[in-house]
Number of protein chains: 2
Amino acid sequence: MATRDDVARLAGVSPSTVSYVISGRRTISDATKAKVLSAMRELNYTPDAFAQGLAGSRRGILALHFPTSVDGYSSTEFEYVTAAMERARALGYHMLLWSNPMTDVMGLESLVGQKLVAGVLLMEVSINDPRFDVLRRANIPFASIGRPDDSEDLSYVDNDFAEAGRIAVDYLADLGHHSLMYINVSVQDQKAGNGPATRTARAIGDAVAGRGLRMQEVPVENNARGGREALEIYLAMDPRPTAVLALKEFATAGFVNAAGMASLRIPEDLSVIALGVGDRSAEMVAPALTTVAPSGERISHAAVDALVQQIEGRTTGAVQELITPQMMVRDSSGPAPR
Amino acid sequence: MATRDDVARLAGVSPSTVSYVISGRRTISDATKAKVLSAMRELNYTPDAFAQGLAGSRRGILALHFPTSVDGYSSTEFEYVTAAMERARALGYHMLLWSNPMTDVMGLESLVGQKLVAGVLLMEVSINDPRFDVLRRANIPFASIGRPDDSEDLSYVDNDFAEAGRIAVDYLADLGHHSLMYINVSVQDQKAGNGPATRTARAIGDAVAGRGLRMQEVPVENNARGGREALEIYLAMDPRPTAVLALKEFATAGFVNAAGMASLRIPEDLSVIALGVGDRSAEMVAPALTTVAPSGERISHAAVDALVQQIEGRTTGAVQELITPQMMVRDSSGPAPR
DNA sequence: CTGAAAGCGCTAACAT
DNA sequence: ATGTTAGCGCTTTCAG
């Protein structure tokens, strides 16, 4: 592979001149610029990223920490990843997908210590997430999709859960529903401090109290079996709630499908609203799920922007943004039965 | 941040000694090793990845090319990504997710020219994929998940589509089905040379001929609407096939859900088998889909292994592996109606 | 407007 | 068993 010196030789200029026509950090005469450019093309030259990174200050790689989960991932979560990836590309950065467990603090320290990446974007943030301390200590730019409870000086972009709770509950209350069930993540996930679960529970609780409704919470695992369990619990309730708010798509699908088997009619007997579930997943289920969810693309884009702003040093303090979720009424919700 | 020279100074040894205790490429006395290690710890030292990459030969990053698609991605496809990511990590490599469009040959050339990555893993391979030529010319190690038609000297891991076709068709034939419908990807995707679609069509065609069955092919887009269109076409057929083989999960879900709305009973009136769809997606649908699919994890692991073998120079020629798909009978298939 | 030269923080060959 | 030294291919000062 050709190096910068090869180009310089062919063009009959000094090596640094080649660098300067590439970086544009110096005014170069059109004549030499042309010579250099044509030499570059002839040799099919591309600067070596490692040499650039070592010599210069810019290391154009971002890490996206997407911790592995036993539950597997949904297409909804994948949307966040692809959106972040595309935004990074648009801003001239490569994206390193980093999947070590969330608890692997040592691994994160070492990733950062290697200085391979210019900044880190965190996903799957818990309310007491240990990664923030590591990153703060390491003095590396970072931002997060989601936020911990103590987020004062942090740069993050998150769903506006309070708004999501209000939207969903207002919608149901206006349709005459008085009694709700909330399908939460598993107790284990709640203990682990799952951010969306925690905030959604608070938000719905507040909204329910504000409208004078009743709500019962049911924790299940996010898979078809969890959804079936939730249905059994639902069937055993007396009186039964007329609406269900649910957090995760696999459990929600399991619930809806089991309800169908049990000859419960959705939405005639029971309304279901999926929170935070993407459009593709919502339409895989029958009846198609009414959802309240933020645009994953908007969240990821804003988060990457926040990170890059820090990296490039053009920011005054932390960027904090809450994305307003949108309600998409599909076929799983309607007026309360009388 | 501390550098290697800082560590050497603190430990009272030469800089290269520090390098050697890290790499283990030289026998070091326990005494000095201890000194160095403690100095490293005290300074919280981690070697700089860019310096290591520039000076040495090892550049521990793999690129995973996951081209952007307008259709969005399913959780099934995401499984391939996470599995590849984890295998890379286990083998001591970082994973760069690269999402430029498949046709961005220039971009690929430049990524490779930068020498940022030690090798490239291709996903979403089409039968006449332009990326292989680029990579071959660039003389960089690469492997693929999926394969083009001309794959003689290539390293790839792919689903054994012929086997998948046999498994699915034999199963249906043994249950008394004579007439099948095959829900293919859109005509546009077929023209683009979608590998799984092309090979599945061939495989099913062969298997159907071998068992003396009939088959009709229906191309639709991979979304809920496409599935509904497929159902309309199905309903218009006379006589109607008793079994449907389908390729993509969003279209399949749309078809099954629309069938339910039309009061078609699955599997009593009609069997549905989803090809290449993962377990999580199969269970989001009601009735849960019978699937014939390879383990995405196995494919990704084998593909990363093949790539790393090339990078590390311990391979004799191309590694080519076909992964046998497994049938998972769920609730969407059964005996042909009489 | 352009060149020369000093690093960036390492690896690995060449010493002893 | 350890030290010395020549690069790796760039960016960026310093010098015209």
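First the proteins, then the strands, lettered A, B, ... as listed; each starts at 1.
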With a cut-off of 6.0 Å (strictly less than), are more than 12 heavy atoms of other residues, nucleotides or ligands near [atom1] of [X]?
X: B/Arg58; atom1: CZ; value: yes
X: A/Arg136; atom1: CZ; value: yes
X: A/Arg89; atom1: CZ; value: yes
X: A/Asn139; atom1: CG; value: no

Review point. Distance only, no hydrogens: is a donor on one side chain within 3.5 Å (strictly under) of an acceptor on the other, for A/Thr76 and A/Glu79?
Key: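 Note: A/Thr76 and A/Glu79 side chains miss the donor-acceptor criterion.
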
Practice item. Compute whether any side-chain donor of one residue and acceptor of the other, for B/Ser151 and B/Gln320, lie under 3.5 angstrom apart. Key: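 No.
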
**Study point:** Atom pair OH (B/Tyr80) and CG (B/Leu121), whose distance is rounded to the nearest 0.5 Å
**Key:**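 Rounded to the nearest 0.5 Å, the OH-CG separation comes to 12.5 Å.
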
Point to revise | Closest to side chain of A/Thr27, choosing from C/dC1, D/dG3, D/dT2 | key: C/dC1

Review point. Would you call B/Asp48-A/Arg59 a salt bridge at under 4.0 Å N-O?
Key: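 Salt bridge between B/Asp48 and A/Arg59, a charged N being under 4.0 Å from a carboxylate O: yes.
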
Review point. So, for B/Ile28 and B/Tyr20, which heavy atoms are closest and what is the spacing to 0.1 Å?
Key: CD1-CB, 3.9 Å

Exercise for review: Would you mind classifying the nucleic acid contact of A/Ser23 as base, sugar-phosphate or nothing, using non-hydrogen atoms under 4.0 angstrom?
Suggested key: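 Nothing: the residue A/Ser23, judged by heavy atoms under 4.0 Å, touches no strand.
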
Practice item. On DNA chain D, check which nucleotide each of B/Pro15 and A/Ala2 is closest to and give me the residue with the more 5' one. Key: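 Whichever sits nearer the 5' end wins; that is B/Pro15.
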
Look at [X] and [N] and indicate whether a side-chain polar atom (N or O) is within less than 4.0 Å of OP1 or OP2.
X: A/Ser14; N: C/dT2; answer: no
X: B/Thr17; N: D/dG3; answer: yes
X: B/Ser29; N: D/dT2; answer: yes

Expressed in angstrom and rounded to an integer, what is the separation of [X] atom [atom1] from [N] atom [atom2]?
X: A/Arg9; N: D/dG9; atom1: CZ; atom2: P; value: 11 Å
X: B/Met1; N: C/dG9; atom1: CE; atom2: C1'; value: 13 Å
X: A/Lys115; N: C/dC8; atom1: NZ; atom2: P; value: 11 Å
X: B/Asp6; N: C/dC8; atom1: CG; atom2: C1'; value: 13 Å

Could you go over nucleotides 13-16 of chain D and give all protein N or O partners under 3.5 Å, atom names and distances?
{"from": "D/dT13", "atom 1": "O4", "to": "A/Tyr20", "atom 2": "OH", "distance (Å)": "3.2"}
{"from": "D/dC14", "atom 1": "N4", "to": "A/Arg26", "atom 2": "NH2", "distance (Å)": "3.3"}

Check your understanding: What parts of residues 33-61 of chain B reach DNA chain D, counting only heavy atoms under 4.0 Å away?
Key -> B/Leu54, B/Ala55

